[in-house]
Protein chains: 2
Amino acid sequence: MALNLEGDILRLLAPEFPEILVRRYRILRKIYYSAPVGRRTLAAYFQVGERVLRREVAVLREQGLVKVEPRGISLTALGKTAVLSITPDLKSFLGLNVLENKLLKLLKVRRVLVVPGDLEKDEIVLQEMGRAAARILRECLVADMVLAVSGGTSCAAVADMLPETPGPPGITVVPARGGLGEVVDYQANTIAARVALKLDARYRLLYLPDSLSDAALQLLLQEKKIKEVVSLINTARVLLHGIGAADDMARRRGAGPEELQRLCRRGAVGEVFGVFYNCRGEIVERIPSLGLYHEGLDQRVHNAIVVAGGRKKARAIAAVVGNHPRDLLVLDEGAAREILRLHGEGEDKDNRSQNEGIFSPEKH
Amino acid sequence: MALNLEGDILRLLAPEFPEILVRRYRILRKIYYSAPVGRRTLAAYFQVGERVLRREVAVLREQGLVKVEPRGISLTALGKTAVLSITPDLKSFLGLNVLENKLLKLLKVRRVLVVPGDLEKDEIVLQEMGRAAARILRECLVADMVLAVSGGTSCAAVADMLPETPGPPGITVVPARGGLGEVVDYQANTIAARVALKLDARYRLLYLPDSLSDAALQLLLQEKKIKEVVSLINTARVLLHGIGAADDMARRRGAGPEELQRLCRRGAVGEVFGVFYNCRGEIVERIPSLGLYHEGLDQRVHNAIVVAGGRKKARAIAAVVGNHPRDLLVLDEGAAREILRLHGEGEDKDNRSQNEGIFSPEKH
DNA sequence: GAAAAGTGGGTCAAAAAAAGACCCACGTGA
DNA sequence: TCACGTGGGTCTTTTTTTGACCCACTTTTC
């Protein structure tokens with residue numbers, strides 16, 4: 001019966017409001033990233049009727065947040081300002097700050113930042129996570145340090161959303177791992193180069209696959225150039241990485257059925273840098289990985305910015321992140337709520353369902 | 001195009017919300033002061049249909065804020081907590097803090113406190129004002145001081161809402177004026193006695209009418225007991241008073257048609273302690289008044305708690321209050337918005353009308 | 001330049017929600 | 001005990017919302 005801080009009382013009086021607010025915010029945000037966009041395109045994206053979308057857009061239009069033209073709907077200057085500055089108010093009102101505090105206590109990390117929205121419903125939440133992480137990254141930069149960045153969609157989003165403003169002088173950006181997977185844009189190399197360009201920093205690259213046999217690994221580490229880069233990688237003060245679900249990552253690393261079975265039997269749920277964790281945060285398997293040594297990471301790395309989202313990835317996040325004061329976690333609301341649910345944190349189911357409605361289709 | 005602080009962005013996304021929120025708050029507040037109360041009684045008070053009221057109460061019930069029993073509707077513990085603690089959130093969300101700051105600048109007083117709601121629509125706003133002023137009064141109390149309290153409905157509300165908790169020792173409560181008007185409960189004497197009892201303080205009374213001729217006044221001031229009390233009144237460190245509209249107060253003080261005409265001609269709009277002010281805050285007329293001397297009030301009185309509300313009283317408030325750093329003004333939203341409107345403070349008309357709806361009938 | 005596709009505004013019928021109005025049994029206070 | 005007010009139930013009417021489509025216009029692609 002105790003009233004939490006922040007928005008709880010208002011939400012008690014007007015329980016309909018969170019859903020309305022989230023709905024409108026999602027539309028605004030989608031328009032921000034897609035403008036100019038037609039009403040039918042929006043309706044399809046959100047899987048609602050044309051008429052419904054029109055009604056919502058009409059409200060936003062009356063408020064001066066959007067303009068509606070033959071080329072499509074786009075944000076006004078006020079609308080842009082609103083989208084870019086609403087997050088604190090929105091988080092406060094939706095009680096996301098409370099969520100963050102709970103996760104802080106549960107995961108024992110340095111910082112938790114929850115981005116409004118569910119990545120599985122709104123793919124642009126990834127961009128918002130990238131934006132938030134980019135801001136944190138910017139705060140962590142120190143002159144003459146090494147920044148190691150990993151691969152994957154989350155890290156790519158951070159690189160995308162990082163503004164082109166020089167960082168402190170003497171920074172070197174390196175990939176935290178070798179090549180993995182098939183998409184060029186998600187490679188640690190590509191992301192490292194992109195981040196370096198945006199920061200006006202130097203960078204070094206690693207032209208090898210991440211997954212190699214032990215023998216091949218030892219052999220390659222005799223190569224001067226390779227050894228040099230790997231050494232550099234391991235002097236990184238700041239680390240940027242995502243988190244993979246164990247089965248996905250194992251497959252991506254070429255694991256066969258037997259290996260997958262073994263991982264499953266051992267309870268592996270999350271992976272980072274070739275290290276698999278079970279749901280209690282214990283290491284259950286290692287795959288040889290080029291790049292970053294896992295041992296002594298806590299002592300070497302000051303800040304590890306971890307970016308991961310989506311409800312399905314809650315288990316993996318909770319497994320990998322924990323008891324690491326170096327970790328600065330950026331995740332979405334979907335994952336945040338699920339992590340708390342998994343840990344029986346008494347996150348009120350009603351509170352969750354209140355934020356869902358006709359604008360909550362399965363991600364398509 | 002500039003976004004103000006506080007609730008503005010949320011209100012932009014959900015312009016329907018203020019009305020919903022205010023509506024629910026008013027219902028909750030009415031139930032708080034009237035419980036147990038039937039649905040039909042509430043519907044009549046707010047001048048809405050039975051079904052409409054039922055719908056609203058159903059929402060509050062689902063939220064655990066009210067309980068609905070055969071004897072009527074009342075608040076749950078949560079509901080009481082909500083009503084008593086929501087004011088800061090509500091004010092923030094509705095932008096009332098902004099309103100307060102504007103009035104502070106405009107009126108140049110020590111403090112302005114705006115109570116949500118319009119006294120002309122909801123008579124219980126008077127109680128809320130009383131409650132707010134009582135809190136301020138409590139803060140101003142100092143051991144061994146004299147507190148002078150005036151008459152009228154506002155001051156009576158303060159006395160009513162003042163909790164029964166002893167104040168600092170040695171306090172003496174006195175009436176700031178003599179008898180005026182016909183209602184016993186609104187006399188300064190009655191209110192002084194009530195306040196004293198609640199504070200566990202001493203009190204002195206004044207058994208004479210406030211409006212006397214000069215001759216009678218001089219004569220009575222020769223009387224030792226009367227002189228004593230009047231002297232005491234003029235040592236008051238803290239003063240509590242309301243504000244009257246000039247014409248009302250003149251009539252209440254027995255002014256005839258000629259005098260009313262003269263006041264009107266001189267542009268009198270507000271009155272306090274027999275002193276009439278025009279809209280520029282200048283004194284335009286004095287009527288002999290027992291009690292408090294107006295001269296030197298600023299030097300003698302540390303805090304004057306001024307309680308007044310209602311849109312129609314905006315002019316009077318603005319006339320009487322101004323350039324007095326001793327003044328601590330408590331008023332309702334109705335008067336606050338009207339004062340700003342009168343002074344062309346660009347208070348957006350839309351912002352005002354948004355808070356009105358079917359739950360905004362004429363006061364009955 | 002022509003064709004295709006996407007755009008917004010208009011509109012009507014059907015569906016859904018809201019609201020008026022009243023009934024009835026029960027509980028409470030005088 | 002009686003009168004009045006209470007809440008829950010319910011049906012009809014009214015209002016609002018929504019689906020679905022039309023049409024003219026604009027933009028993009030070939």
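Residue numbers start from 1 in every chain, and the chains themselves are labelled A, B, ... in the order their sequence lines are given, proteins ahead of strands.
Residue pairs that meet the salt bridge (charged side-chain N to carboxylate O under 4.0 Å, His left out) test with at least one member in residues 28-41 of chain A, sequence neighbours left out, are R29(A)-D122(A), R39(A)-E50(A), R40(A)-E50(A).
The pair R24(B)-E62(B) does not meet the salt-bridge criterion, since no charged nitrogen lies less than 4.0 angstrom from a carboxylate oxygen.
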Identify all side-chain donor-acceptor contacts of residues 152-165 of chain A below 3.5 Å with residues at least two apart in sequence or on another chain.
from: S154(A); atom 1: OG; to: V307(A); atom 2: O; distance (Å): 3.2
from: D160(A); atom 1: OD1; to: R194(A); atom 2: NH1; distance (Å): 2.5

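Here F17(B) pairs with F17(A), F93(B) under the ring pair (Phe, Tyr, Trp, His ring centres under 6.0 Å) rule; sequence neighbours left out. Residues satisfying the side chain to side chain contact (heavy atoms under 4.5 Å, CB included) criterion with A58(A), sequence neighbours excluded, are absent altogether. Listed by chain and residue number, nothing satisfies the side-chain hydrogen bond (donor to acceptor under 3.5 Å, both in side chains) test with Q187(B) (two or more places apart in sequence, or in another chain).
At whole-Å resolution of the value, CZ in R23(B) and P in dA18(C) are 11 Å apart. Taking atom CD of E69(A) as the reference point, atom C1' of dG6(C) lies 15 Å away to the nearest angstrom. Atoms CD (E62(B)) and P (dG8(D)) sit 12 Å apart, rounded to a whole Å. The separation between R55(A) atom CZ and dT15(D) atom C1' is 15 Å, rounded to whole Å. Separating the CG atom of L60(A) from the P atom of dG8(C) is a distance of 14 Å, rounded to the nearest angstrom. As rounded to whole Å, 11 Å separates atom P of dT7(C) from atom CG of L53(A). Counting to the nearest Å, the C1' atom of dG8(D) and the CD1 atom of I73(B) are 12 Å from each other.
In this structure, V37(A) reaches the sugar-phosphate backbone alone: every heavy-atom distance under 4.0 Å involves primed, P, OP1 or OP2 atoms, never a base.
Between T41(B) and dG5(D) there is no side-chain polar atom (N or O) within less than 4.0 angstrom of OP1 or OP2.
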Using a 4.0 Å heavy-atom cut-off to protein, can you give one letter per nucleotide of nucleotides 21-26 of chain C, 5' to 3': B if the base is in contact, S if only the sugar-phosphate is, - if neither?
BBB---

